[in-house]
There are 2 protein chains.
Amino acid sequence: MTTEEKIFNAARSVFQQKGYAGARMQEIADEAGINKAMLHYFFRSKEQLFKAVFLNAFYQIAPQMNEIFNSSDSLFIKIEKFTENYISFVKKNRFLPAFIIQEMNNNPQFVKEVLSNEARPNPAKLIKQVQEEMEKGIIKTMNPKQLLLDIFSMTVFPFAAQTLVKAILEISDEEFEIFLEERKKHITEQIINAIKR
Amino acid sequence: MTTEEKIFNAARSVFQQKGYAGARMQEIADEAGINKAMLHYFFRSKEQLFKAVFLNAFYQIAPQMNEIFNSSDSLFIKIEKFTENYISFVKKNRFLPAFIIQEMNNNPQFVKEVLSNEARPNPAKLIKQVQEEMEKGIIKTMNPKQLLLDIFSMTVFPFAAQTLVKAILEISDEEFEIFLEERKKHITEQIINAIKR
DNA sequence: TTTTAGTTTAACCATTTGGTTAACAAAAAT
DNA sequence: ATTTTTGTTAACCAAATGGTTAAACTAAAA
């Protein structure tokens, strides 16, 4: 692993757990096991290092989503694939959703920069598909964006609000693993039951 | 308004928008229109001031929830009341959910402290009620905690991930207001359609 | 009218923090 | 073999930041 990679990995770990404002350059250097000056040698500033980490995180999730959004599967299959895919991925990157959401809320100016890229999550095609299936009478009529937000909410929220959710529902760390696995199927069933005619 | 109140309000505003790590004592003083020393005079330290704000925020939401959780209404009515109530409240306190979630993730040690209070959101009774309605055959059988998390997710997530949601679904600030109003009924319908036999 | 207790401010302080510099080492290019 | 480029470190710096202090001010109590 090159020094630059060491730095990037350490930065990802620290930024994702403490956020931009809470992260310390020294801590990143320590975790990477290198001198603090190297951070600036490779990434110039805290802001640029953060940007690298943030964009990487974002563009790691987005393409996966778009692949499903834009595939030729039926809506029901897409919902199933999305929950399955997303939960499996985020299980391996536990802090990602909370991190992205937190930093987008704290630095709304990022939004434009991040979403100008072609790799942004773009549900346009999926929305069109939902509308078509409504017109065909396959599913109930509703605002497609509300439906999309339902799926998104049910899938992402348990990770984004992890600490709170575990505490309120009194779920231990081990139980949470099982709970998430169970949730893949649960979300799919709930959504399909809710919208099918 | 007393100086202490001015400080508290300013602190709430700054902490909720920037989080603990991103907030600056000087900024809070400026927003309160008073000298920085007053913050320490009344609240001793940044940490204590933050704690006051955070606990206040938390205990503002929790009792409302419990009131609904523990009422004698039927499940369907409770769901309706919860979404209606929560969305209306949070519309007036836009940064609350993201703030609470962010700080609980960043300082998990808070969890014990916050949730030891009797004012914590406690869905135990609601879970029992769900189980009973399942046994009676009124609603489909499923893990009650999954169902609770569904309701919670669909209601809270749009606020917690506000910036992201608006950006991805391409909803303007004004449209978002209407969208949220529409969402009250939408969530209720979706959930009830999903679980009713 | 004088105490006294609480309130407010400007100036100050110590530490933290992001960032820089200059010397040095190792590798690449000549 | 020697120069040049790249990588690495320790020491340092200026600004920011949470916190303190001592003096001034205010209003109510004595």
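In this text, all values refer to a predicted model and were calculated from it rather than measured experimentally.
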K.L.:
Answer yes when B:Glu177 and B:Arg94 have at least one side-chain N-carboxylate O distance shorter than 4.0 Å, and no when they do not.
P.N.:
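Result for this pair is yes, salt bridge flagged.
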
K.L.:
Check whether the ring centres of A:Phe50 and A:Phe110 lie less than 6.0 Å apart, and answer yes or no.
P.N.:
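Between A:Phe50 and A:Phe110, the centre distance is under 6.0 Å.
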
K.L.:
Rounded to the nearest Å, what distance is computed from the CE atom of residue B:Met25 to the P atom of nucleotide C:dT9?
P.N.:
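Distance check: B:Met25 CE to C:dT9 P gives 15 Å.
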
K.L.:
Should A:Glu170 and B:Lys145 count as an ion pair when the cut-off is N to O under 4.0 Å?
P.N.:
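Between B:Lys145 and A:Glu170 there is no salt bridge, as every charged N stays at least 4.0 Å from the carboxylate O atoms.
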
K.L.:
OP1, OP2 of D:dG19 versus side-chain N and O of B:His40: anything below 4.0 Å?
P.N.:
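Yes, such a contact exists.
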
K.L.:
Specify the separation, in whole Å, of atom NZ of B:Lys46 and atom C1' of D:dT20.
P.N.:
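Whole-Å distance recorded here is 18 Å.
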
K.L.:
Could you check how far CD of A:Glu5 sits from C1' of D:dG7, rounded to whole Å?
P.N.:
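To the nearest whole Å, that distance equals 15 Å.
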
K.L.:
Would you kindly give the CG-to-P distance between B:Asp30 and C:dA10, to the nearest whole Å?
P.N.:
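It is 12 Å, rounded to the nearest whole Å.
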
K.L.:
Assess whether a salt bridge exists between B:Glu31 and B:Lys6, defined as any Lys/Arg side-chain N lying under 4.0 Å from an Asp/Glu carboxylate O.
P.N.:
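No, no charged N to carboxylate O under 4.0 Å.
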
K.L.:
Under 4.0 Å between any heavy atoms, over every strand shown, what does B:Ala29 touch: base, sugar-phosphate, or nothing? Just pick one.
P.N.:
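It contacts nothing in the nucleic acid.
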
K.L.:
Can we say A:Glu189 and B:Lys140 salt-bridge, meaning some charged N sits less than 4.0 Å from an Asp/Glu carboxylate O?
P.N.:
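The answer is no: the pair does not qualify as a salt bridge.
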
K.L.:
OP1 or OP2 of D:dA16 less than 4.0 angstrom from a side-chain nitrogen or oxygen of B:Arg24, does that happen here?
P.N.:
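Negative; the distance criterion is not met.
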
K.L.:
Atom NZ of residue position B:Lys184 - does it have more than 12 heavy atoms of other residues, nucleotides or ligands inside 6.0 Å?
P.N.:
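For B:Lys184, atom NZ is crowded (more than 12 foreign heavy atoms under 6.0 Å).
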
K.L.:
What is the distance from CD1 of B:Ile7 to C1' of C:dT9, rounded to the nearest Å?
P.N.:
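B:Ile7 atom CD1 is separated from C:dT9 atom C1' by 13 Å.
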
K.L.:
Rounded to whole angstrom units, what separation is found between the CD1 atom of A:Ile28 and the P atom of C:dG19?
P.N.:
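That distance rounds to 11 Å.
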
K.L.:
Do B:Phe99 and B:Phe54 have ring centres separated by under 6.0 Å?
P.N.:
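Under 6.0 Å, so yes.
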
K.L.:
With the criterion being N/O to N/O and under 3.5 Å, what pairs connect the protein with nucleotides 8-10 of chain D, and how long is each?
P.N.:
| from | atom 1 | to | atom 2 | distance (Å) |
| --- | --- | --- | --- | --- |
| D:dT8 | OP1 | A:Thr3 | OG1 | 3.1 |
| D:dT8 | OP2 | A:Thr3 | OG1 | 2.8 |
| D:dT9 | OP2 | A:Asn35 | N | 3.2 |
| D:dA10 | OP2 | A:Asn35 | ND2 | 3.4 |
| D:dA10 | N7 | A:Asn35 | ND2 | 3.2 |

K.L.:
Provide, to the nearest angstrom, the distance between the CZ atom belonging to A:Arg44 and the C1' atom belonging to C:dG18.
P.N.:
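Those two atoms, CZ and C1', are 13 Å apart.
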
K.L.:
Just how far, in rounded Å, is C1' of D:dG18 from CD of B:Glu27?
P.N.:
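My rounded result for the distance is 15 Å.
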
